[in-house]
Amino acid sequence: MSEIPRALGLPVPVVPPPAVTRAVTAARRALGRTHDRMTAPFQVVLERMFGVIDNKALFVAVDLGIPDLVAGGPQSAADLARSAGAEEDALNRLLRYLVSRGVFRQERDGRYANNAASEFLRADHPWSWRSWVLFFGSPWNWDIWKSMDVRIRGAGDAVVAAHGCDFFTFVNEVDPSAGVDFNKAMASGSRMQALLFAEHYDLAGVRTVCDVGGGSGSVLAHILTTFPATRGVLLELPSLADDAARVFDATGVADRAEFAPGDFFESVPGGCDLYLLFSVIHDWGDDDCVAILRTIASAMTPGSRLAVVEPHVERGAAGNFAKASDMLMLALTAAGRERSLAEFDALWRRADLTERRRVVLPSLFDVFELIVARP
Ligand SMILES: C[S@@+](CC[C@H](N)C(=O)[O-])C[C@H]1O[C@@H](n2cnc3c(N)ncnc32)[C@H](O)[C@@H]1O
């Protein structure tokens with residue numbers, strides 16, 4: 001598919017077009033409903049409860065570097081335990097469990113190897129999801145989830161209950177190692193989304209891009225790499241400056257990318273052709289979203305457009321990535337939420353923006369293309 005990874009010398013991840021993803025998702029849902037109907041009620045509950053085991057098992061295996069240790073070929077639990085500094089029997093049981101959950105493969109002789117899923121967890125895999133596992137299973141993130149009930153009961157913010165401050169203050173100012181976990185996870189997720197975005201969203205005529213709340217700049221770097229005549233600016237909190245400089249240097253776009261330290265509630269650079277809000281507004285309640293959107297709208301010229309990239313919550317009982325991500329917003333933010341199409345529409349109207357089109361990416365994230373509404 002894309003020329004971008006090829007140009008960067010990276011293997012091309014296999015991503016089907018949106019229609020295929022939709023069909024496969026529908027089939028998986030139907031199979032999942034059949035599975036649940038064939039499962040005793042107590043087993044349904046047990047399986048949901050055991051989600052916590054998957055999270056920690058993955059975290060420990062990745063933290064021990066197992067996907068990297070087996071990258072050169074299958075290894076016995078004894079050899080892996082020696083290299084990773086683990087107890088052989090415990091590690092063997094951990095990996096046996098993960099194999100049963102579709103991560104890693106076990107040879108007939110009992111040695112462990114990577115399968116397609118664990119390949120994605122190697123540190124040197126260009127599309128690695130290792131950082132997501134390390135963020136998600138980290139003790140500091142678990143501390144937040146321990147306080148999830150605080151949020152549900154309406155007794156406050158789970159992150160404040162766990163760490164004494166809001167999420168972004170915690171990761172950007174209080175605990176630098178948590179910040180590294182989080183920002184790397186965001187960057188690895190957005191690298192993949194950026195690839196899909198650049199492939200499926202028409203960027204013709206765009207010469208200047210402002211990525212608002214663009215994290216460490218990996219989305220912007222992908223866009224600039226794909227479109228060599230384009231210049232970009234990354235509007236972010238000042239603490240992300242060094243990370244962004246590293247990303248811009250590593251991807252060879254430093255001469256066309258600028259870091260603008262700032263606050264998207266106050267102002268963003270004016271007059272860019274395209275503004276991006278990638279996985280940002282789900283962090284905020286409606287009033288804050290409208291404030292962010294208005295800040296951007298006031299910086300836009302008549303030819304500018306704003307692309308908001310978020311998944312949407314589907315109607316009905318079907319499982320949907322946005323519904324799971326909405327739980328993250330409940331746990332990690334004071335008022336963030338994933339939204340339905342109608343809820344997004346209400347935000348655009350309040351911010352005096354008009355939705356010109358909606359493009360669905362193969363990840364099933366939507367790109368909402370907005371322009372300033374005419375008076
Ligand atoms: C969920 S992350 C998304 C990052 C990036 N867009 C991506 O998709 O990888 C939200 C980003 O918003 C940034 N942010 C939070 N509050 C901000 C503010 N007031 N002004 C500018 N950026 C902010 C955070 O630092 C974080 O990088």
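Read the numbers this way: they start at 1 and go in the same order the structure lists the ligands and their atoms. Since this is a predicted model, take the numbers as computed values, not measurements.
Pairs passing the salt bridge (Lys or Arg N to Asp or Glu O under 4.0 Å) check and including a residue from residues 166-194, sequence neighbours excluded, do not occur.
Remark: R357 CZ is packed, more than 12 non-hydrogen atoms of other residues, nucleotides or ligands lying under 6.0 Å away.
Remark: the backbone N or O of V313 is not paired with any side-chain donor or acceptor of E343 at under 3.5 angstrom.
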_Set out, in order, the CA-CA distance, both residues' side-chain angles and the distance that settles side-chain hydrogen bond (donor to acceptor under 3.5 Å, both in side chains) for S363 and Q193, then state yes or no._
CA-CA 7 Å; S363 55; Q193 292 289 4; 2.9 Å; yes

Would you mind writing out a table of all protein N or O atoms found under 3.5 Å from any N or O atom of ligand 1, naming both atoms and giving the distance to 0.1 Å?
residue: ligand 1; atom: 6 (N); partner: G213; partner atom: O; Å: 2.8
residue: ligand 1; atom: 6 (N); partner: F278; partner atom: O; Å: 2.8
residue: ligand 1; atom: 8 (O); partner: F278; partner atom: O; Å: 3.3
residue: ligand 1; atom: 9 (O); partner: S190; partner atom: OG; Å: 3.1
residue: ligand 1; atom: 19 (N); partner: D263; partner atom: OD1; Å: 2.9
residue: ligand 1; atom: 20 (N); partner: F264; partner atom: N; Å: 3.0
residue: ligand 1; atom: 25 (O); partner: E236; partner atom: OE1; Å: 2.9
residue: ligand 1; atom: 25 (O); partner: E236; partner atom: OE2; Å: 3.4
residue: ligand 1; atom: 27 (O); partner: E236; partner atom: OE2; Å: 2.5

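With sequence neighbours left out, N92 forms a side chain to side chain donor-acceptor pair (under 3.5 Å) with Y112. Every side chain to side chain donor-acceptor pair (under 3.5 Å) that S304 has, sequence neighbours left out, goes to T301.
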